[in-house]
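Note sheet for the following structure.
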Amino acid sequence: MQIRKNDTMNKKIVLVTGGAGYIGSHTVVALQQQEYKVVVVDNLSNSQADVIENIAKITGEKPDFFSFDLANQAETFAFFDKNPIDAVIHFAAHKYVNESVNEPLRYYNNNFVNTLNILKAMEKHRILHFVFSSSCTVYGQAEVLPVTEQTPVKPAECPYGNTKQVTEEILRDICLVNKDLQVISLRYFNPIGAHESALIGELPIGVPQNLLPYITQTAIGIREQLQVFGNDYNTKDGTCLRDYIHVEDLAQAHVAALDRMLSQNQTDNYEVFNIGTGNPYSVLEVIQSFEKVSGTKLPYKIVGRRAGDIEKVWADTTLANTVLGWKAQKTLDEMTLSAWKWEKQLSIKN
Ligand SMILES: NC(=O)c1ccc[n+]([C@@H]2O[C@H](COP(=O)([O-])OP(=O)(O)OC[C@H]3O[C@@H](n4cnc5c(N)ncnc54)[C@H](O)[C@@H]3O)[C@@H](O)[C@H]2O)c1
C-alpha cells in the first residue's frame, strides 16, 4: 500500500522525541522535506531552543515544539491526549557511555521511564508506528565482522548500552502480543557530520567524548591537542576501526523506516536494521580526511588505550539496502568537511 504523505489535508503527523538534538534535528528536516508534518518534544536537557528556528530556516517550516520532560508521565499523557499523532520516532535519551557508568540510575530512569510513558500513551491512543534509536553498542566486540542483524548481542558493558538492549527486548515483547503495532529498531553505527547548511549539527556539552567533535574543537583552538587512544590494535594502522555514517544519511534511514511501516510493508511487526555505510575507517584515516578537507594540520598524540573501547566494528548493511531500500550516500570527506563547516559556524556565533 502506498501512503499519500503529500496530500496537505492528510499529512501524516510524526512525533519526534528529542527532535532538538543532534540526530533528531536532522531527521526533522528530512521528514519535513518528505512532506511529513512534524511535532517535536524535547526538554532541551542536551540541546538548545534555537535549533527549532534553524530547522525552519532550512525547510521553511517550523515544527510544532513542546518542551517538557518525557519522564514526567502526567505531562506525557496530557500531551498525547491533546495532540493527534500517527507515528513516533523516539530519540530522547541520555547517551554518554562514561556518564552512564557513573550515574546508572539517572540513565535507567530517563531512558526507560520516558520510553514506557510513550508506549503506554501510544497504546491508549492506538498509535501503531514506532521507530527506536538503537545502537551498534549492542554487538560489543563481535567475533565475526561485519556484523549482521543476526550477530549475537553481547552482554552490555555499561548502563547506556543496557538501556538500548533492554528497550529492544521490551519492544519485541510488546510486538508479540500487539500484532497491530509496528516497530523498527535502527542500530546506528557512528553518526558524524552536520547538515550541509551548517545551521544544525552536533552540540557536545563539555569535553566531547566522540572523535570528530574533538577533532574540530582542536582545529578551531578550543582544545589543545587530540589524544588518539592506542595504536597497537589489530587493525591496518593500529588505531580503532569504526563505521562512520553521515548524520544526513542516518536521518534518511528514519524516513525510509517510517515509509516502510506506514505503507504496511513490514514482514514482521518488529524489525531491526543496521544503519551504517559498511566501510570501516581508522582514527588516523579520519584525522587524515579532516586535514585534507580543512587544509589544517591537526595537533595530536598517541596515548594508551582507553578503557571500554572496542577494537573494531562495522556493519553489514545488506538488509537495510535491500529490504529497507536505504543506502548511505556520503563519503568520509563529506562527513569531515560538513563537521568542519559546522564548527566554524559555531565559532562565529559564539
Ligand atoms: N550520537 C550517537 O553517536 C548515537 C549512536 C547510537 C545511538 N544514538 C541514540 O540516538 C538518540 C539521539 O542521539 P543524539 O546524538 O541525537 O543525542 P542528543 O543528546 O543530541 O539528542 C537527544 C535529545 O533528547 C532530549 N531529551 C533527553 N531526555 C529527554 C526527556 N526525558 N524528555 C525530553 N527530551 C529529552 C535532549 O534534550 C536532546 O535534545 C539517542 O537515543 C541515542 O542514544 C546516538
Side-chain angles (χ1 to χ4, degrees), residues 15-29 39-52 54-55 63 65-73 75-76 79 88-100 103 106-118 121 130-139 156 158-168 171 185-195 200-206 208-214 242-248 250-251 253-254 273-276 313 315 335 339 342:
L15 166 61
V16 178
T17 76
Y22 175 43
I23 307 168
S25 58
H26 291 81
T27 302
V28 172
V29 167
V39 179
V40 170
V41 172
D42 197 306
N43 65 356
L44 304 179
S45 57
N46 199 35
S47 50
Q48 292 174 358
D50 67 356
V51 171
I52 302 296
N54 288 338
I55 289 172
F65 175 52
F66 298 82
S67 181
F68 64 88
D69 189 339
L70 287 155
N72 180 325
Q73 189 177 71
E75 279 198 68
T76 303
F79 166 84
V88 177
I89 305 184
H90 183 38
F91 293 101
H94 294 325
K95 64 165 179 177
Y96 297 117
V97 168
N98 294 349
E99 208 176 61
S100 80
E103 300 176 74
R106 190 163 79 86
Y107 268 68
Y108 286 126
N109 189 62
N110 193 44
N111 294 11
F112 286 140
V113 173
N114 75 21
T115 306
L116 295 179
N117 286 342
I118 292 164
F130 187 82
V131 181
F132 176 61
S133 298
S134 191
S135 165
C136 68
T137 55
V138 300
Y139 299 117
C158 67
Y160 167 73
N162 205 26
T163 66
K164 294 299 174 195
Q165 286 189 13
V166 177
T167 303
E168 283 200 15
L171 294 170
S185 287
L186 300 179
R187 290 179 180 160
Y188 312 157
F189 280 66
N190 288 72
I192 57 172
H195 191 266
I200 55 173
E202 190 169 5
L203 270 179
I205 292 175
Q209 300 190 18
N210 296 335
L211 177 63
L212 200 54
Y214 210 109
R242 294 287 180 273
D243 185 339
Y244 295 98
I245 173 165
H246 196 298
V247 66
E248 286 195 75
L250 177 55
H254 295 81
F273 294 98
N274 282 344
I275 303 297
V313 64
M335 301 182 211
W342 166 243

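Numbers for residues simply follow the sequence, beginning at 1. Just follow the structure's listing: the first ligand is 1, and inside any ligand the first atom is 1. Everything numeric in this text was worked out from a predicted model, so none of it was measured. Any value given below was found using the heavy atoms of this structure, including those in side chains, with hydrogens, waters and symmetry copies removed.
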* To do: For Leu44, take its heavy atoms, then give the atoms of ligand 1 lying under 4.0 Å from any of them.
  => 37 (O)

* What protein heavy atom is closest to atom 3 (O) of ligand 1, reported as residue, atom name and distance in Å? -> Pro191 CD, 3.4 Å

* Structure fact -> Gln209 meets the side-chain hydrogen bond (donor to acceptor under 3.5 Å, both in side chains) criterion, sequence neighbours left out, with none

* Asked: Mind checking whether Ser134 has a heavy atom under 4.0 Å from ligand 1?
  -> yes

* Does any N/O atom on Asn210 come nearer than 3.5 Å to any N/O atom on ligand 1? -> no

* Under 4.0 Å to a heavy atom of Ala92 - the qualifying atoms of ligand 1, by number -> 24 (O), 26 (N), 29 (C), 34 (N), 35 (C)

* Heavy atom of the protein closest to atom 43 (O) of ligand 1 (residue, atom name, distance) -> Tyr160 OH, 2.7 Å

* Spell out, as yes or no, whether a donor-acceptor pair under 3.5 Å connects the side chain of Thr76 to the backbone of Leu70. => yes

* To do: Give, for atom CG of Asp243 and atom SG of Cys136, the distance between the pair rounded to the nearest 0.5 Å.
  => 8.0 Å

* To do: Take the angle between the ring planes of Phe66 and Phe79 and call it parallel below 30°, perpendicular above 60°, tilted in between.
  => perpendicular

* Structure fact -> ligand 1 atoms nearer than 4.0 angstrom to some heavy atom of Phe68 are 32 (N), 33 (C)

* Asked: Are any of the N/O atoms in Ile23 less than 3.5 Å from those in ligand 1?
  -> yes

* Within the structure, does Tyr22 bring an N/O atom to less than 3.5 angstrom of an N/O atom in ligand 1? -> yes

* To do: Would you check whether Asn110 has a nitrogen or oxygen atom less than 3.5 angstrom from a nitrogen or oxygen atom of ligand 1?
  => yes

* Asked: How are the rings of Phe130 and Phe132 set relative to one another: parallel (under 30°), tilted (30 to 60°) or perpendicular (over 60°)?
  -> parallel

* Structure fact -> For Asn72, the side-chain hydrogen bond (donor to acceptor under 3.5 Å, both in side chains) test, sequence neighbours excluded, returns Glu75

* To do: Please check if the side chain of Ser67 supplies one atom and the backbone of Asp42 the other of a donor-acceptor pair under 3.5 Å.
  => yes

* To do: Show which atoms of ligand 1 fall inside a sub-4.0 Å distance from at least one heavy-atom site of Asn114.
  => 30 (C), 31 (N)

* To do: Apply the side-chain contact (heavy atoms from CB on, under 4.5 Å) test between His90 and each candidate in Val131, Thr167, Asn114; give the one that qualifies.
  => Asn114

* Asked: Closest approach of Trp342 and Glu202, non-hydrogen atoms and distance?
  -> NE1-O, 2.7 Å

* Contact atoms of ligand 1, heavy-atom distance to Ser135 under 4.0 Å -> 6 (C), 7 (C)

* **Under 4.0 Å to a heavy atom of Asp69 - the qualifying atoms of ligand 1, by number** => 30 (C), 31 (N), 32 (N)

* To do: Consider every N or O of Asn43 and every N or O of ligand 1, then say whether any pair is closer than 3.5 Å.
  => yes

* **Parallel, tilted or perpendicular: ring planes of Tyr188 versus Phe91, cut at 30 and 60 degrees** => tilted

* To the nearest 0.1 Å, how far is atom 22 (C) of ligand 1 from its closest protein heavy atom, and which atom is that? -> Ala93 O, 4.1 Å

* Ignoring hydrogens and geometry, is there a side-chain-to-backbone donor-acceptor pair from Tyr160 to Glu99 under 3.5 Å? -> no

* Asked: Nearest to atom 40 (C) of ligand 1, what protein heavy atom do you find, and at what distance?
  -> Phe91 O, 3.1 Å

* Asked: To which of Gln48, Lys95, Lys164 does the heavy atom nearest atom 17 (O) of ligand 1 belong?
  -> Lys95

* Structure fact -> Within 4.0 Å of some non-hydrogen atom of Leu70, the atoms of ligand 1 are 30 (C), 31 (N), 32 (N), 33 (C)

* Asked: Are the side chain of Thr17 and the backbone of Ala92 linked by a donor-acceptor contact shorter than 3.5 Å?
  -> yes

* To do: For atom 21 (O) of ligand 1, grab the closest protein heavy atom and report residue, atom and distance to one decimal in Å.
  => Gly21 CA, 3.4 Å

* Asked: Taking distance alone, with no angle check, do Asn46 and ligand 1 share an N/O pair under 3.5 Å?
  -> yes

* Asked: So, does His94 use its side chain to make a donor-acceptor pair with the main chain of Asn110 at under 3.5 Å?
  -> no

* Protein residue, atom and distance nearest to atom 36 (C) of ligand 1, heavy-atom basis -> Asp42 OD1, 3.4 Å

* **Interfacing atoms of ligand 1 (cut-off 4.0 Å, heavy-atom, Tyr188)** => 6 (C), 7 (C), 8 (N), 9 (C), 10 (O)

